[in-house]
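Notes follow once the structure below has been shown.
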Amino acid sequence: MLRNEGVPSTEYTDKAKYMHNQRVSMLVNYLNDVLPLQVIDETNYTAPVDLELPIDITDVPALRKVLSKCGFRLEETEQKGEMFILSQK
């Protein structure tokens, strides 16, 4: 869900990870810590977002599904090396 109000926070439960009122750049930084390929932010989206991420953030199909609900696309591509590109639909 896209959002632009409230205090930024991150919560972890045994069922999901929640990002509240966080910038997409925070998500990209997090994904770069846990995914095997580098994630490049090409969204040009600067407003905060609320996301409920899968408990296993390395489950790329589940991650893609969550991001798709918010209008983002996570796709694997080859540029000068293999990486994921996060963009708006």
Side-chain angles (χ1 to χ4, degrees):
M1 169 170 54
L2 305 180
R3 180 182 174 139
N4 62 2
E5 59 185 56
V7 176
S9 66
T10 305
E11 296 176 49
Y12 302 92
T13 70
D14 58 346
K15 296 183 181 181
K17 294 175 174 75
Y18 300 91
M19 293 181 67
H20 301 286
N21 205 38
Q22 296 280 359
R23 304 268 181 207
V24 172
S25 60
M26 292 292 293
L27 172 64
V28 170
N29 289 339
Y30 179 60
L31 294 177
N32 278 324
D33 287 341
V34 298
L35 293 179
L37 299 178
Q38 180 181 8
V39 177
I40 306 292
D41 181 4
E42 291 187 353
T43 65
N44 294 317
Y45 194 82
T46 58
V49 297
D50 284 349
L51 295 172
E52 179 179 335
L53 302 170
I55 192 66
D56 180 4
I57 198 72
T58 63
D59 180 350
V60 174
L63 182 60
R64 284 182 173 136
K65 185 176 180 179
V66 167
L67 293 172
S68 179
K69 290 179 183 178
C70 291
F72 298 116
R73 178 178 56 236
L74 183 67
E75 61 185 351
E76 189 172 335
T77 185
E78 284 190 37
Q79 293 188 354
K80 291 186 178 181
E82 285 191 44
M83 64 191 72
F84 288 112
I85 302 291
L86 178 64
S87 59
Q88 286 186 291
K89 291 183 179 179

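The model shown is predicted, which means the values in this text are computed figures rather than measured ones.
- Val60 is listed as a side-chain neighbour of Phe84, based on a closest heavy-atom distance under 4.5 Å.
- Rounding to the nearest 0.5 Å places CD of Gln22 at 4.0 Å from OG1 of Thr10.
- Taking the side chain as every heavy atom from C-beta outward, Leu31 and Ile57 approach each other to under 4.5 Å.
- Taking the salt bridge (Lys or Arg N to Asp or Glu O under 4.0 Å) definition, one finds that Glu75 meets it with Arg73, sequence neighbours left out.
- Minimum heavy-atom separation, Arg64 to Leu74: NE-O, 2.7 Å.
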Stepwise side-chain contact (heavy atoms from CB on, under 4.5 Å) check, Met19 with Leu53: CA-CA 8 Å; Met19 293 181 67; Leu53 302 170; 3.8 Å; yes
Side-chain donor/acceptor pairs under 3.5 Å, residues 32-42, sequence neighbours excluded:
{"from": "Asn32", "atom 1": "OD1", "to": "Val39", "atom 2": "N", "distance (Å)": "2.5"}
{"from": "Asn32", "atom 1": "ND2", "to": "Val28", "atom 2": "O", "distance (Å)": "3.3"}
{"from": "Asn32", "atom 1": "ND2", "to": "Val39", "atom 2": "O", "distance (Å)": "3.2"}
{"from": "Asp41", "atom 1": "OD1", "to": "Thr43", "atom 2": "N", "distance (Å)": "2.9"}
{"from": "Asp41", "atom 1": "OD1", "to": "Thr43", "atom 2": "OG1", "distance (Å)": "2.7"}

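- Here the NZ-CG distance, from Lys17 to Leu63, works out to 10.5 Å after rounding to the nearest 0.5 Å.
- Listed here is the closest heavy atom pair of Asp50 and His20: OD1-CA, 3.1 Å.
- The side chain to side chain contact (heavy atoms under 4.5 Å, CB included) check on Glu52 picks up Ala16, Tyr18, with sequence neighbours excluded.
- Annotation: side chain of Val49 is not in contact with side chain of Cys70 (no heavy-atom distance under 4.5 Å).
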